[in-house]
Structure formats: C-alpha cells, structure tokens
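Residue numbering restarts at 1 for every chain, and letters A, B, ... go by the order of the sequence lines.
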Number of protein chains: 2
Amino acid sequence: MPVHPYISTENSMTTSILYVEDELFLGKIVKETLEGQGFDVVWETDGAKVMNRFNSFNPDICVIDIMLPNIDGYSLCRQIRGLYQNMPIIFLTAKTTTADLVKGFEAGGTDYIRKPFSIEELIIRIKNQLNLKNSNGHTAPDNQEIKLGSFTFFPTKYELHSASGTIKLSQRDQQVLSLLCANLNRVTDRRELLLSVWGDDSFFNSRNLDVYIRKLRTYLSADPSIEIQTIKGKGYLFIG
Amino acid sequence: MPVHPYISTENSMTTSILYVEDELFLGKIVKETLEGQGFDVVWETDGAKVMNRFNSFNPDICVIDIMLPNIDGYSLCRQIRGLYQNMPIIFLTAKTTTADLVKGFEAGGTDYIRKPFSIEELIIRIKNQLNLKNSNGHTAPDNQEIKLGSFTFFPTKYELHSASGTIKLSQRDQQVLSLLCANLNRVTDRRELLLSVWGDDSFFNSRNLDVYIRKLRTYLSADPSIEIQTIKGKGYLFIG
DNA sequence: CAAAAACAAGGTTAATAAAGGTTAATGCCT
DNA sequence: AGGCATTAACCTTTATTAACCTTGTTTTTG
C-alpha cells in the first residue's frame with residue numbers, strides 16, 4: 001500500500017455522489033455499484049432537475065453524463081462550478097473526440113471518462129478526485145496480519161509472531177509461507193510454489209523448496225494445530 | 001468562457017514538466033509540442049536517471065510512461081510521491097487494462113492516460129492537474145519534513161532532527177533516506193535504490209550502498225521504533 | 001501371486017556460494 | 001587539511017546445491 005491515502009474510503013462520514021445519467025439501465029447498475037462501495041448516491045435522470053437536487057443534497061462530488069435531454073452536462077457543470085469552485089466534477093460520456101474532452105475541462109470538469117468505461121475505473125477516479133481535494137493526511141501503513149493458530153504472520157513485515165517471541169523471516173520464507181496461506185486448507189501445488197517463488201522451472205529437480213518447507217515446519221512446530229502436510233505428487237496441504 | 005480560470009497557463013513563471021518516455025520518436029514530438037505550448041520540458045528516457053533529474057529540475061508536474069527499461073513508472077511515481085505529496089503525476093501508458101490504471105492511482109498517480117492519446121488530451125489534462133493543485137491553495141505544503149519516530153527528516157535541508165540535536169546529512173544520506181521514506185513500511189528494492197540514487201548498475205557489486213545503510217542505521221539507532229530491516233535478495237524494509 | 005528390486009517423490013543435513021555488513025583506507029574535490 | 005564518496009578487505013548471514021536418507025509405489029521375477 002502506498003504511504004499516502006490515494007486509495008481510501010472516506011473516514012468519518014460517507015461520501016455523497018450526485019450522479020446524473022439519463023440511461024436507465026446503466027444508471028441503475030452504476031448507482032448500485034457505487035452504493036455497494038459505501039457511497040451515498042443520488043441519481044438524477046433529468047438535467048432540468050439537477051440543480052434543485054444539487055442544492056438540497058450538497059454532494060461531495062458530481063458524476064455527470066454530457067448528453068441529457070433539455071440541458072447538457074457542460075451547462076450543469078458550469079452552473080455547479082459557479083457555486084463551488086472546488087467541487088470535483090467527473091464527466092462520463094459517449095463523446096469520444098478530443099474536442100469534447102477539451103470542452104468538458106473548459107466547462108470546469110475535473111476529470112473525463114469515455115464510455116464504455118469499467119465501473120472500477122469510475123470508482124478509482126472518484127476516489128482520486130476526492131483525494132486530490134483533501135490532499136492531506138497520512139494513511140496507516142498496510143499492517144496485514146494472518147492468524148495461524150497461536151502464531152501471527154505479518155507478510156509485509158516479514159515476521160512471524162508467537163508467544164515465545166518474533167521470528168524474522170527471510171525473503172524465501174515469507175514467499176513460501178504467503179503462498180501456503182493463500183491456499184490455507186487447500187492443496188498448494190508444488191509446481192505452482194516453485195514457479196511463483198522462483199519463477200523458473202530450473203528448480204524442479206532441486207531440493208531447495210524442501211529446505212524451506214522444513215524450515216517453516218520447524219518454525220511452526222510449537223503449535224500442533226497447524227501443519228504443513230505433504231501430498232505426494234501434488235504439493236502441500238497447509239492446515240490450520 | 002468558463003466562470004473561473006480553469007484553463008490558464010501559469011502566470012508569473014513558465015510551468016516546468018518532467019517527461020519520462022523511452023520511445024524516442026514519440027518523446028521528441030511530445031516534448032516539442034509541449035514546448036510549443038509554452039511549457040518548460042525536461043525529457044528523460046532512462047528511468048534510472050529520473051530521480052537525479054527530478055531533484056535538480058524540480059518540476060511542477062511529471063508525465064511518466066509506465067514501461068521503461070530497468071525501473072518502472074510505478075516505482076518512480078512512488079518515489080516522487082514520497083518526496084512531494086502534492087506533485088501532480090500523470091501516467092501515460094500503453095497498458096490498457098483497468099488493473100493497470102488502478103495500480104497507477106495506487107502508486108500515487110493523479111491522472112492516467114492510455115496510449116494512443118491525442119496531444120490535445122495530454123495538454124488539457126496537464127493544465128487540469130495544475131489547476132486542481134492551485135485551486136487547493138496548497139502552494140508549498142510539500143514534504144518539507146517527514147516524521148520518523150522521534151526524528152524529523154528535512155529532505156530539502158539535508159537535516160535530521162532529534163531530541164539530542166541535528167544531524168547534517170550528506171547528499172547520498174539524503175537520497176537514500178528519501179527513497180526509504182517514500183516506501184515507508186514497504187520493501188524498497190535494492191536495485192531500485194541503486195538505480196535511482198546512482199543511476200547506474202555498475203554499483204551492483206559495490207558495497208557502497210551498504211555503507212550508507214549502515215550510516216543511516218547508526219543515525220536512527222536512538223529510536224528503536226524505526227528500523228531499516230534487510231530483506232535479502234530483495235531490498236530494505238524501512239519500518240516506523 | 002508375493003517378495004524384492006527399482007523407481008519416484010520428497011526429507012534431512014552439511015557444504016558451498018552468494019548477498020549483505022562492517023570497518024578502515026583511499027581518492028577526490030575545494 | 002577536511003569532508004564526503006568510494007573502494008577494499010574481511011566477516012556474517014542467507015540461499016542454493018549436493019549427497020545421502022526415508023517412504024511409498026510400481027515393476028519384475030521366482
């Protein structure tokens with residue numbers, strides 16, 4: 001994870017989005033997906049009603065389709081920009097020419113996404129706009145931890161904690177253990193392990209992996225409830 | 001015309017762009033076009049030399065291709081972001097998948113343009129990024145200081161402050177520490193470090209970097225909560 | 001068919017190689 | 001000379017390889 005909060009959901013309050021889109025099918029999907037991401041979404045299909053909605057809802061960000069009946073997205077954008085200089089406004093449009101894009105930015109848009117777009121792209125660009133706006137603050141580092149019986153494995157720290165202390169893992173230890181954890185209670189293919197840790201088949205006849213499996217087994221031997229079982233001809237079954 | 005000056009060139013001084021692109025043909029065209037728009041452009045083709053260029057040039061915005069020899073655009077972005085929280089960074093890339101776009105934003109990018117792109121789009125997005133930055137009113141909140149446990153690191157001053165006094169850092173000290181800070185709580189590739197500090201692979205068999213790591217470890221030893229851990233075969237994990 | 005080679009897959013341990021750490025000496029500017 | 005950057009020499013730790021061991025599964029053959 002990055003040091004700075006370029007991808008993060010808002011902390012205290014939910015972020016509200018004013019979404020203007022006249023296509024019903026697309027609108028429904030986008031609204032629901034954004035809501036699934038924890039955003040508070042008001043979806044308006046009628047360009048003429050947008051400003052009323054805007055004033056009562058007071059969103060954190062606007063996502064606007066350009067081609068709308070009666071009034072176009074550029075006009076809406078200009079109106080909103082007139083009220084709020086720093087409001088992030090993302091255009092979402094089927095207009096693909098550069099001239100349209102330029103027009104979008106000139107109208108005061110802060111980003112422009114061409115249709116068809118992936119929802120992921122919209123989400124990431126919304127978050128990006130919000131981050132640009134609140135370009136401050138530090139995010140907590142990614143302290144992912146995996147519980148393994150009485151142990152706790154910190155992949156990003158290369159550490160394995162237990163009651164009796166902390167074991168510092170080497171690069172290889174960490175890689176092998178991570179992959180086993182990813183397949184907890186399922187068989188991890190020996191080949192897959194070799195390929196993803198060493199990225200090469202030249203290790204297929206080497207005993208290198210076995211050495212690390214042994215090392216990990218030794219580390220984890222303090223807790224009998226977790227175990228790396230060998231499935232001969234297949235791989236390893238990490239149970240815990 | 002927009003209500004607010006969302007499209008405008010910088011007022012007093014010319015805007016400077018650090019442009020990283022290894023394709024010579026494209027690079028030349030883009031550089032010349034941007035210069036034709038009144039920008040001051042430094043074009044660098046070698047990813048390994050970018051950080052040196054960056055430090056001496058001190059640009060207003062960076063435009064970075066992702067796929068580069070030796071070091072990739074994401075890494076460069078993380079490094080720059082570590083130094084300057086508010087530096088606009090636009091990715092310019094042939095990678096079209098949404099996953100790559102997400103990766104770009106996660107690395108700290110502030111916009112992402114897919115190739116092939118029109119020069120007009122690049123220009124408008126550059127101007128947009130500059131406007132977004134200025135509209136925040138954050139003219140110079142860029143990392144003048146970085147908190148490291150009980151220390152405070154002033155990259156631009158080449159100083160490390162602690163309760164017991166101020167340590168004056170050398171050029172190399174500062175570069176290495178800056179890069180470690182950019183990847184705080186994440187592994188900094190040894191290779192990446194060598195490339196961006198020395199810009200060259202001729203140091204791969206030298207003990208030079210180790211000497212600086214030791215120096216920094218000694219400086220930081222007063223506070224056990226921050227630590228430069230070695231991940232063999234990979235690099236350094238700076239935790240704090 | 002059953003016992004015994006032969007084989008395959010993996011385990012164990014030690015030795016070797018590679019990566020990195022430490023310290024001191026050298027070079028290189030002003 | 002004095003400060004930094006680099007190299008050198010030597011030491012420590014980690015990764016890999018090698019040699020040999022164990023176990024289970026085929027295959028061969030009496």
Within a strict 4.5 Å, meaning less than it, do heavy atoms of the Ile167(B) and Asp173(B) side chains meet? no

Checking dT14(D), dT22(C), dG11(C) against the side chain of Ser170(A) (C-beta onward), the nearest is dT14(D)

Both Gly233(A) and Val211(B) contact DNA chain C. Which one's nearest nucleotide lies toward the 5' end? Gly233(A)

What does Lys215(A) touch in the nucleic acid at a heavy-atom separation under 4.0 angstrom: a base, only the sugar-phosphate, or nothing? sugar-phosphate

Interatomic distance, Gln171(B) CD vs dA5(D) P [rounded to whole Å]: 7 Å

Round to the nearest Å and state the distance from Gln229(B) atom CD to dA19(C) atom C1'. 17 Å

Ile213(B) CD1 to dA19(C) C1', in whole Å, measures 14 Å

What about Arg207(A), does its side chain sit under 3.5 Å from the base of dG11(C) through a donor-acceptor pair? yes

Please state whether the base of dT25(D) and the side chain of Lys232(A) form at least one donor-acceptor pair under 3.5 Å? no

Below the 4.0 Å mark, does dA19(C) have OP1 or OP2 next to a side-chain nitrogen or oxygen of Thr230(B)? no

Do the two ring centres, one from Tyr74(B) and one from Phe91(B), sit under 6.0 Å apart? yes

Counting only side-chain heavy atoms from C-beta out, which of dT6(D), dT12(C), dG21(C) sits nearest to Arg214(A)? dT12(C)

Value in whole Å for how far the P atom of dT7(D) lies from CZ of Arg172(B): 11 Å

Considering just the side-chain nitrogens and oxygens of Asn208(B), establish if one lies under 4.0 Å of OP1 or OP2 belonging to dA5(D). no

Pair Tyr84(B) + Phe54(B): ring centers closer than 6.0 Å: yes

Quick note, Tyr212(A) side chain, CB onward, closest among dA5(D), dA15(D), dG10(C) is dA15(D)

Between C1' of dA18(D) and CG of Asp210(A), the distance in whole Å: 13 Å

Whole angstrom value for the distance that separates C1' of dC4(D) from CD of Gln174(B): 14 Å

Whole angstrom is fine here: how far is it from CG in Leu216(A) over to C1' in dT14(D)? 14 Å

If you compare every side-chain N and O of Trp198(B) against the phosphate oxygens of dT6(D) (OP1, OP2), does one of them come in below 4.0 Å? yes

dC4(D) phosphate, OP1 or OP2: any side-chain N/O from Tyr158(B) under 4.0 angstrom? no

Please check if any side-chain donor atom of Glu120(A) sits under 3.5 Å from a side-chain acceptor atom of Thr98(B), or the reverse. no

Take Leu160(A) and Leu177(A), measure what side chain to side chain contact (heavy atoms under 4.5 Å, CB included) needs, and give me the verdict at the end. CA-CA 10 Å; Leu160(A) 189 62; Leu177(A) 186 55; 4.2 Å; yes

Between P of dG20(C) and NZ of Lys234(B), the distance in whole Å: 12 Å

